Structure formats: C-alpha cells, structure tokens
Peer 1: 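Once you've had a glance at the structure underneath, I'll fire off some questions.
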Amino acid sequence: MKTRVLSLALVVAAALAWSVPARAVSCTISATVPVAFGAYDRTSGTALDSSGSVTYQCGIAGLLDVLTITMSTGNGTYASRTMLNGANPMSYNLYTNAGRTTVWGDGSSGTAVYGPVTLNLLAITVPVYGRIPPGQNVAVGSFSDTIVVTLNF
C-alpha cells in the first residue's frame, strides 16, 4: 500500500509594535520561528506535533507595566485553526503549553493568552506549540496559515 505524504508549514509571523508615549513604553517582536510541521501521514493514528517561538523585547520606563501576547485565528477559529492548500483545508491548532491542552488565542472562547508578565529590558523567547490531529483525509501538497501575533501592554 502506497502512503501519500504531505509537506506543510505554518507561518507564525507578524510584527506589531505599540508605543505608549505617556508611559514611555515600547515593545517589538524581534524574531519568530515558524511552526513547521514537516510531512503529515494521513494514515497515521498519531498527531503530528511541532513547535516554534516568538521573541519580544521592550524598552520600559517603569517595572510595573505588564504585557500579554494574543494570537489570531488565522484561516479558521480558535476551536480549529485551518491551514490551506488552495481551497483544501487541514485542521491544526496552537497551544501555550507543551502538553497541548491550552489553545493560544485572545482569551475568548476558552482560549488563553501568554502572560501577564512584568516588562523588562531582556529579549524574551516564548515557545509556540502546534499540533495537527491524526486521521485527516487531506490533499497532497503544501499547507500554510498566517497568524497575527499581538503584544498588548
């Protein structure tokens, strides 16, 4: 029996900087590492996991300011994000924890956000955990989605 293998990549990439002059606080996303899943075997009974990261850095005036990080739904919803290959969908999701039990979103619909954390001047790298559920009958090809990462402070 011949198995079809899929090649896919998830782009977790965006840079959004907010500057609040009254507090003299500015933060930027200084780097992202995409969640690249690699080859997906639709006949496997095991989920395909991968991880990436978002690195941010802030310049601050006071140590009492806090930051949270939210993520958009991309092509889908928080219940099931969707990568696309043209019109062909593949379900996946992004998580705040390595156990992949807490969906990373905007705090709505049962999702969680990163933080709140107290700002400091160091570059902080935050892991992003991804999972594609097993048993999806999807087309052969490359799938992708773009997620907007937002720093809130």
Side-chain angles (χ1 to χ4, degrees), residues 1-19 26-58 65-120 122-153:
M1 177 175 174
K2 188 170 183 177
T3 301
R4 295 192 300 176
V5 177
L6 306 174
S7 172
L8 23 123
L10 169 66
V11 178
V12 176
L16 180 59
W18 293 65
S19 181
S26 66
C27 296
T28 59
I29 295 174
S30 55
T32 60
V33 174
V35 178
F37 289 101
Y40 175 76
D41 180 352
R42 69 184 185 138
T43 64
S44 173
T46 305
L48 180 59
D49 292 343
S50 188
S51 62
S53 64
V54 173
T55 301
Y56 70 90
Q57 188 162 11
C58 298
D65 295 304
V66 295
L67 171 131
T68 60
I69 301 176
T70 59
M71 290 192 181
S72 70
T73 59
N75 292 317
T77 66
Y78 288 125
S80 179
R81 288 182 166 102
T82 305
M83 287 185 279
L84 296 173
N85 170 346
N88 299 309
M90 175 184 281
S91 296
Y92 78 99
N93 224 326
L94 300 174
Y95 302 88
T96 60
N97 63 328
R100 291 163 176 84
T101 57
T102 306
V103 174
W104 195 331
D106 64 1
S108 69
S109 304
T111 66
V113 302
Y114 169 80
V117 294
T118 303
L119 300 182
N120 62 53
L122 301 174
I124 306 295
T125 299
V126 181
V128 178
Y129 302 98
R131 173 170 283 168
I132 300 174
Q136 296 183 61
N137 188 14
V138 295
V140 173
S142 295
F143 290 74
S144 65
D145 191 10
T146 300
I147 300 298
V148 177
V149 178
T150 305
L151 302 177
N152 306 288
F153 52 93

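Since the structure is predicted, the reported quantities are computational estimates derived from the model, not experimental observations.
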Peer 1: I'd like to know whether Leu67 forms a side-chain contact (heavy atoms from CB on, under 4.5 Å) with Cys58, so could you lay out the CA-CA distance, the side-chain angles of the two residues, the decisive distance to 0.1 Å, and finally the verdict.
Peer 2: CA-CA 9 Å; Leu67 171 131; Cys58 298; 4.0 Å; yes
Peer 1: Could you give me the CA-CA distance, side-chain angles and deciding distance for Thr96 and Tyr129, then say whether side-chain contact (heavy atoms from CB on, under 4.5 Å) is met?
Peer 2: CA-CA 6 Å; Thr96 60; Tyr129 302 98; over 6 Å; no
Peer 1: Test side-chain contact (heavy atoms from CB on, under 4.5 Å) on Val66 and Val117; report intermediate values, then the result.
Peer 2: CA-CA 5 Å; Val66 295; Val117 294; over 6 Å; no
Peer 1: Show me the pairs that pass salt bridge (charged side-chain N to carboxylate O under 4.0 Å, His left out) and involve residues 73-89, at least two apart or across chains.
Peer 2: none
Peer 1: Measure the shortest side-chain to side-chain distance between Leu94 and Val103 over non-hydrogen atoms and say whether it is less than 4.5 angstrom.
Peer 2: no
Peer 1: Considering residues at least two apart in sequence or located in another chain, which fulfil the side-chain hydrogen bond (donor to acceptor under 3.5 Å, both in side chains) criterion with Thr46?
Peer 2: none
Peer 1: Quick one, Val126 and Ile69 - any side-chain contact, counting heavy atoms below 4.5 Å?
Peer 2: yes
Peer 1: Please identify each residue that fulfils side-chain hydrogen bond (donor to acceptor under 3.5 Å, both in side chains) with Thr55, with sequence neighbours left out.
Peer 2: Thr125
Peer 1: Only counting residues at least two apart or in another chain, list the ones meeting side-chain hydrogen bond (donor to acceptor under 3.5 Å, both in side chains) with Asn75.
Peer 2: Asp145
Peer 1: Let me confirm one number: the OG1-CZ distance from Thr101 to Arg131, rounded to the nearest 0.5 Å.
Peer 2: 9.0 Å
Peer 1: Where do Tyr56 and Tyr114 come nearest, in terms of heavy atoms and distance?
Peer 2: OH-OH, 3.5 Å
Peer 1: Sort and list the pairs that fulfil salt bridge (charged side-chain N to carboxylate O under 4.0 Å, His left out) and have at least one residue in residues 86-111, not counting sequence neighbours.
Peer 2: Asp49-Arg100
Peer 1: Measuring from Thr146:OG1 to Leu84:CG, what's the distance to the nearest 0.5 Å?
Peer 2: 10.0 Å
Peer 1: Sequence neighbours excluded, which residues qualify as side chain to side chain contact (heavy atoms under 4.5 Å, CB included) partners of Val113?
Peer 2: Thr68, Thr70
Peer 1: Just wondering, do Thr111 and Trp104 contact through their side chains at under 4.5 Å, heavy atoms?
Peer 2: no
Peer 1: Can you name the nearest heavy-atom pair linking Val128 to Met71, along with the distance?
Peer 2: CG2-CE, 3.6 Å
Peer 1: Do Leu119 and Cys27 touch side chain to side chain, with heavy atoms closer than 4.5 Å?
Peer 2: yes
Peer 1: Contact between Met90 and Tyr40 at the side-chain level, heavy atoms closer than 4.5 Å - yes or no?
Peer 2: yes
Peer 1: How long is the gap from CD1 on Ile132 to CG on Asp41, to the nearest 0.5 Å?
Peer 2: 11.5 Å
Peer 1: Please give me the minimum heavy-atom distance between Pro89 and Thr82, naming the atom from each residue.
Peer 2: CB-CG2, 3.5 Å
Peer 1: For Ala139 and Asn88, work out which heavy atoms get closest and say how close.
Peer 2: CB-ND2, 3.6 Å
Peer 1: Between Pro134 and Ser44, which heavy-atom pair has the shortest distance, and what is it?
Peer 2: CB-O, 3.5 Å
Peer 1: Checking Ser53 side chain against Pro127 main chain: does a donor-acceptor pair fall under 3.5 Å?
Peer 2: no
Peer 1: What distance separates Ile124 CD1 from Ser30 OG, expressed to the nearest 0.5 Å?
Peer 2: 10.0 Å
Peer 1: With rounding to the nearest 0.5 Å, note down the distance linking CG in Leu151 to OG1 in Thr28.
Peer 2: 7.5 Å
Peer 1: Would you name the heavy atoms of Phe37 and Ser50 that are closest together and state the gap between them?
Peer 2: CD2-CB, 3.7 Å
Peer 1: Apply side chain to side chain contact (heavy atoms under 4.5 Å, CB included) to Ser109 and list each qualifying residue two or more places apart in sequence or on a separate chain.
Peer 2: none
Peer 1: With sequence neighbours left out, write down each residue that passes side-chain hydrogen bond (donor to acceptor under 3.5 Å, both in side chains) with Ser91, or none if nothing qualifies.
Peer 2: Ser80
